Amino acid sequence: MPIPYRTGLHQIAPATYAYLQPNGSWGWSNAGLVVDGDEALLVDTLFTVALTRRMLDAVEQALPGARIRTVVNTHGDGDHWWGNQLLPDARIVASTAAAAEMRHAGPQPMLAALAAGGSDPGVRDLVELFAPFDFTDVTPTYPDVTFDGELELRAGSRTVRLLEVGPAHTEGDVLVHVPGDRVLFTGDILFVGGHPVVHSGPVSGWIRACDVILGLDVDHIVPGHGPVVGKPEVARFRDYLNRLRDHAVDTHRKGRTALEAAREFDHRGFEDLDDPGRLVLNIGAVYRELNGDGTPAELELMPQMSAIRPEGR
Ligand SMILES: [Zn+2]
């Protein structure tokens, strides 16, 4: 039976859970929980302290005896770790590359960038996107265990495998595989229902990460954003990334800006995806790969996202 896409804790397998936050757009991320007796492992905290507290309350209510001893942060975006401070007794695990990104990614730089945008209408749209979130009480709380490649953890007697597949979405993306339950938590290596955001790239690395997922023996896949799905959604997402890369390589050759290229994107088969403005960022990320000089910068592209409106809807 499909897992309903509703806010809260959902059982996916006998002792494996997903915490979902519709609608999955900016900042509305998912988390996961693997339990054995009184021991639990949490996959990601949420964007704010309040949202994370709400999730931990739901866990406490459903599983009163479970103590979260380990937190895995799948990558360095704030919506996957800014609630870490609520788990002071847990060890926090991330890839070395993700941990390095976190050191540069507290809420302050983002808030300052938004504030500096002043009256730019695109920046005003971004401020509106982040308006539901209060970051004032976030104390960045960093991983104490880092690794490269693969790491095997335990929740009680259960095995949880961490597979580093970045750089892709960010520099240090990690998949969390629960082989005993054939469940995978992808972090933001998978977006369902919306366009993804390519921060670091390379997109080719992200396509390879999709191949890694498709090669795993899993039935239930919990994306970083969106509803729980199976492998067909991963294959479709890989198709999106292939089209994105091919399109951006072509428009780069033609000298189009990222915004112009976003307007020319062929949406066929992907008309249902939310947040089409992210195409500007994603094409810009491919351009950065091709240019090799860091341009166009992501922060400069962000205000242009609002110029792209949904097609045919
Ligand atoms: Zn995210």
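Whatever order the structure lists ligands and atoms in, that order sets their numbers, starting from 1. As a basis for the values below, the full set of heavy atoms in this structure was taken, side chains included, without hydrogen atoms, waters or symmetry mates. What you are looking at is a predicted structure, and each value in this text was computed from that prediction instead of being measured.
In this structure, N73 contributes its side chain and D44 its backbone to no donor-acceptor pair below 3.5 Å.
Distances from the Zn ion (ligand 1) to the N/O/S atoms of D79 are shortest for OD2. D188 contributes atom OD2 as its closest N/O/S atom to the Zn ion (ligand 1).
Residue side and main chain included, D77 places no N/O/S atom under 2.8 Å of the Zn ion (ligand 1). Residue H75: no N/O/S atom is found under 2.8 Å from the Zn ion (ligand 1).
Vertex the Zn ion (ligand 1); arms to H80 NE2 and H225 NE2; angle rounded to 10 degrees, 110°.
For W206 and Y240, the ring centers sit 6.0 Å or farther from each other. The aromatic ring centroids of H220 and H10 lie 6.0 Å or more from each other.
Salt-bridge check for D250 with K254: passed, with a basic side-chain N closer than 4.0 Å to an acidic carboxylate O. With respect to R236 and D239, no salt bridge is recorded, no charged nitrogen being found less than 4.0 Å from a carboxylate O.
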